[in-house]
Structures are given as structure tokens and as C-alpha cells.
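Remarks on the structure that follows.
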Amino acid sequence: MADKPYFTDVEFMICLCGRLLEDNKSAFIGYGMPQIAAIMAQHLYTPNLCQVYEYGAIGPECATPFKRNMMADARNSYRAVCWTTMNPLMWCAQGGYIDYGILGAAQVDPWGSINSTFIGGTYRRPKIRFVGSGGGNEVGSFCWKTIYLMNHEKRRFVDKCDFVTTPGYLGGPGEREKAGLPADTGPFQIITSKAVFDFDSPDKRMRLIATREGLSVDDVLAETGIEVHVADKVETLEPPREKELQYLREVVDPDRVVIGRVK
Amino acid sequence: MEVLESGEGQIYFQDPDEVRAWMRDHKDRGFFDKTITEKEAVEKFVDDGDYISYDLSSMVRGPISLEREIVRQKKKDLWLSAKFTFLDTTLLVGGGCVSKIDIGFAGIGKVLIDAIRNEEVHVIDWSNGTLAARHLAGAMGVPFIPVRGLLGSDTFKTSGAKKVTCPFSGKPVALVPAINPDVAIIHVNECDKYGNARIYGPSITPVETALASKKVIITTEKLIDPEEIRTNPGLTTIPYFAVNAVCHVPWGAHPGTVPGFYAYDTEHLNEFFKIKDKDEMKAYLDKFVYGTKDNADYIELVGGEARMQELVENETIKEGYHYGG
């Protein structure tokens, strides 16, 4: 039995995501976890990360601490290089200027299509209804590399999403292009609370590439409700670093609005 | 051009020539005083059954005082464009004003979600980007605009988009129809009596929405002299001839924020977020909407000028917004 973790699942995912982003690249950011990851990355690792927000802020250095509802307000837009509006921002994404996208998902299929619209029942009479695409469809369709952040639960990995809000590789290589989506885009990695997957396989089916410390490949596969590839060498994920946790807890999110508390 | 696939969603669509003729006849290019009260503006310009679009959301520089007035006047059967929305849909659905929603982002709360699940409102899922693109096409006076999103998704199927083969690239592309809303409601920082409006800070589609819509109501924090507009025309976001009504409504975005001016009223928002059923929604509306006669009355109820000054002080970030400079 592993030691009791000193960090939350959300902190774990945020730290992995923050380390994945590259300096001098742009990233399309949504509310919550992606914001926190980008703010942390910008402070600790990638000072020239250009965050972009669908409401028209380009390159902000968001004010800290993070506050609940920090979306499109003065704190979110602080010290940007450009304030514009949604259409020009979407042109940037559709036109190829945005390197990374970061999205959350309620369900994911083996080829990385995700659902943020509804689960269970029918579209007209859903059991659980979510907010829908928001800007998610554009993020996942246009950004060069899209990262998903998702709590690792078996029921979230499905052979077919109840609703494909945002498309992944649609069953194989070349399918996105055949559908008319911009070439060479698509999901890049899925960061979960237990593992990381990529799509670097010949058939574009998701592939387990790393597991959380203390979890074996079999442990993770047992909690993944679909058939996935496993990389030849599965890495062990580095847990949150002290400086990351300190920054997250003391500077970015002292109220623990997003990162939560260790129980 | 061959249509390869069609989304099933119902669309609100008008022929661009009909829209042009409307703009010719109903959007006066004359300079005349358009200032009226919100009550008069909603009576005159919002009809039952209208397709309605707002800019930004009730959280940030939203036209939420106009939304309260629409609820107060018990408008019915509205079709909302919920691109980048938050409390707006919840408030208007809670007030019984809505029959259809084009969803970019659905909004929040159990009252809204229950209304969707129980089919009390008919939803048509698009995305924020495609709803913004539809307003752009509407503003441009063209019948549709091509986009490279929606493709390969179920969001395409629920939308009213069409997939065609592009005559230039030979690749599949999605066409989204123009939207020309019946009415737009937009809250701005400053505006003159003719409707020349200034917005400070980023936003969703203020220009597109104003130009595309057949009737445009502006609410403004500050009513400024037309001479001020002419001395700094680069700051004008929306030109006067797109606008039908100008309402001077200080604190019109409360409980949302107007960036650089006043902060969220977090306590009031938390009260709204706690609403979890129709009874609680009714209690909220009874108190804050039906129980107040206009926005000034509402502001008194939520703490008056003293509370508003606190919110001004809470908005510590001022740089980048042109107030006073």
C-alpha cells in the first residue's frame, strides 16, 4: 500500500500538464484546471507561454490568486498583449497560430473523441446534461496539440461516447482529415489522475505511456474501461514537486477553489 | 456545391436581402436622441417569439439589467443565442421567457438543466465559435460562412450546419448559416445619446451582434457627450446607426463585473448559485426582479450606492481600461 498522498489528484494533473507546455508557444485555455496549469507553468517553467482565451484575451499574465468565476474579467485578462473578441480569436486557432489546447472531458473514446454535452438517456431527455461545447469543439478541432485533463474513472473511458462534443482521431489515421478537420491536429495526451496516454500508435488508438507512482500497468488498465495500447516502456510519473505545490497553494489557489485539499 | 451531410437542428434564418431591406428601413442613419428607459426599450423592441442575442455574459459586462426587465415584463417564447453565457440563460429560463436555446455554452444551475431535461426548452447544440461565426455572417450580410470546426462531431449533427465539398480546396468544410437576431441587448461602458458605444476590454461579438440584429438595445454605464466621441473616434466600438435604443443604466451588469470599473458582487452571485429548484428560483425572482420596478430600485435593494462603491474599490485592476483617461 502506497503512502497517503501529500497532494490532490487535481494538483497531480495540473503539475503534469504545466510541465508538458513549452515556452514560446501558445495555448488555448479554459476555466479551472487548465487556467491553473497555465498560470503555474508561466511562473515556474515557461515565462513566455502565450495563453489565449476564447473571449479575446491574448497573452495575459493572469492576476493571482485565482478567484472563483475568474473568466473574462480583469484578473483573467491582466497584462495581456492584445484584447480582441471571439471571432478574431477563433481565426487565430483556425488559422494555425495556437499550439496547445487544454480541455476537460466527461467521457473519452479510444480515439480521443470527448463528450461534454450529456450522459445517459437521449439527447432530448438526458440523464445528466452538461454545458455543451463552449469553445471546446474549436479547441479540439483547431489546436495543433490538444491535452485532455480527466479524473481517472473506469466509466469515463467508453468505446463510444454518448455524444461526441469534440472529435478525436475518429477511428484511425487520416479520418480527421477525411472529415474536413485541419490536417495534423488532434488529441496529444490525456492526463488523468492515474496515468498519461498518448496517441502515438499506428492506428491512433490511445496508448498508455506512464503511470502514477505506486500504480502498475495492470492497476491502471483495470481502471480503464476500454482496450488501449501499452507502450513498450511505461514510465513512472514524477509526483508534484515541492516548488509546484508551494506555488499552487500559496500563490495561485490559496482558497483551494480548484486544487482542493488533501483529505 | 454538393451537400454531403446536414445537421438536424432547427435554424433561425432570414434571407440576406430581407435583412438588408430591414436595415434600410428601420436602422435610421439620422442623428437623433435614442435615450429611453429600459422599461420603454423592452416594451418597444422585445416581442414575444423574438430571437435574442446578448454580448458577453451576465458575469462580465452583461446586459443583466435588461434581462431582468425582460423577465419583469414576462416576455415569452424567446429563442436565445447562448454563446458564452452564464446566468443569463438561467435567469431567462427561470423567468419562463424562453422556448429555444442555441447552445454554445448552456449556462448553469439545476433549474436550467432540469428545464432542458424535461424538454421545457428546446435546445440546439452548436459551439461558442460557430455561434460567433453565425453572427459574423449575419453582420457581413452573407447567407453563411464556412468553418473547419464541428466536423466529425455529434455537435455537427445537433446543429443546423451543412457539410459540403469546398469548391476551391476540394476538401469537406462546414457551412454555418448567418444569424440575424430580432433583438440584441448589449451593455457597454460608455455611449452617447445617438448610440455610439464604447466597450473597454475583450469581449465576444459586440460589433457582429449589433450589426447583425434587427433591433439593438444598448445599456450604458455612462452617458457621454457626442463631442467626446468625435474627439476620440478610435474608441468607438459600435456605430450609432446600428442602435435603436440607448438606456443609461449605472451598475447595469450587477451582480456581474464591468472589468476595470467594478468587481463581481460575490455574495449576491453565491445566493444565485445556491438556487436549486423552481421554488427557490421564484423566490429569487420575486425578491430581486418582480419586487423591483427598475434597475435603480434593484440597486437600492442590493445595497445601494454604498455597496456599489465597495465593488468599485474591489476592482483593483484599472490599467488598460480608459476610464478617466
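Just so we're on the same page: letters track the sequence lines, and every chain starts at 1.
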Classify the ring geometry between A:His43 and A:Tyr247 as parallel (under 30°), tilted (30 to 60°) or perpendicular (over 60°).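 Plane angle under 30°, so parallel.
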Under 4.5 Å from any heavy atom of chain B, what part of [X] do you find: side chain, backbone, both or neither?
X: A:Ser141; answer: side chain
X: A:Phe130; answer: backbone
X: A:Leu181; answer: both
X: A:Ala93; answer: neither
X: A:Thr165; answer: both
X: A:Phe163; answer: both
X: A:Phe142; answer: side chain

Between chain A and each of [options], count heavy-atom pairs under 4.5 Å; write down the option with the most.
options: B:His122, B:Glu208, B:Arg61; value: B:His122
options: B:Thr155, B:Val207, B:Thr89; value: B:Thr155
options: B:Val123, B:Val173, B:Thr257; value: B:Val123
options: B:Ile116, B:Asp154, B:Leu136, B:Ile317; value: B:Asp154
options: B:Ala106, B:Pro206, B:Ser169, B:Ser57; value: B:Ala106

More than 12 non-hydrogen atoms from neighbouring residues, nucleotides or ligands closer than 6.0 Å to [atom1] on [X], yes or no?
X: A:Glu227; atom1: CD; answer: no
X: B:Phe273; atom1: CZ; answer: yes
X: A:Arg124; atom1: CZ; answer: yes
X: A:Tyr31; atom1: OH; answer: yes
X: A:Arg256; atom1: CZ; answer: yes

Evaluate the criterion side chain to side chain contact (heavy atoms under 4.5 Å, CB included) for residue pair A:Val108 and A:Met150; output intermediate values, then yes/no. CA-CA 9 Å; A:Val108 62; A:Met150 206 174 80; 3.5 Å; yes
From [X] atom [atom1] to [Y] atom [atom2], the distance as rounded to the nearest 0.5 Å:
X: A:Arg75; Y: A:Lys67; atom1: CZ; atom2: NZ; result: 4.5 Å
X: A:Thr166; Y: A:Leu103; atom1: OG1; atom2: CG; result: 6.0 Å
X: A:Gln42; Y: A:Thr64; atom1: CD; atom2: OG1; result: 10.5 Å

At a heavy-atom distance under 4.5 Å, which candidate from [options] has the highest pair count against chain B?
options: A:Met90, A:Glu175, A:Arg129; value: A:Arg129
options: A:Lys178, A:Glu177, A:Arg125; value: A:Arg125
options: A:Gly121, A:Gly132, A:Ala72; value: A:Ala72
options: A:Ala80, A:Ala63, A:Pro182; value: A:Pro182
options: A:Ser116, A:Gly134, A:Ser133; value: A:Gly134

Engaged part of [X] at the chain A interface, taking heavy atoms whose separation is under 4.5 Å:
X: B:Thr85; value: neither
X: B:Glu5; value: neither
X: B:Lys163; value: side chain
X: B:Ile204; value: both
X: B:Leu150; value: both

A:Lys204 to A:Trp111 six-membered ring, cation-pi geometry met (6.0 Å, 45°):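 So A:Lys204 doesn't make the cation-pi contact.
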Which atom names give the shortest non-hydrogen contact between A:Met70 and A:Cys62, and what distance separates them?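 Smallest interatomic distance, heavy atoms only, reads CE-CB, 3.9 Å.
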Can you name the closest pair of heavy atoms from B:Asp102 and B:Leu131 and give their distance?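 Minimum heavy-atom contact is O-CD1, 3.6 Å.
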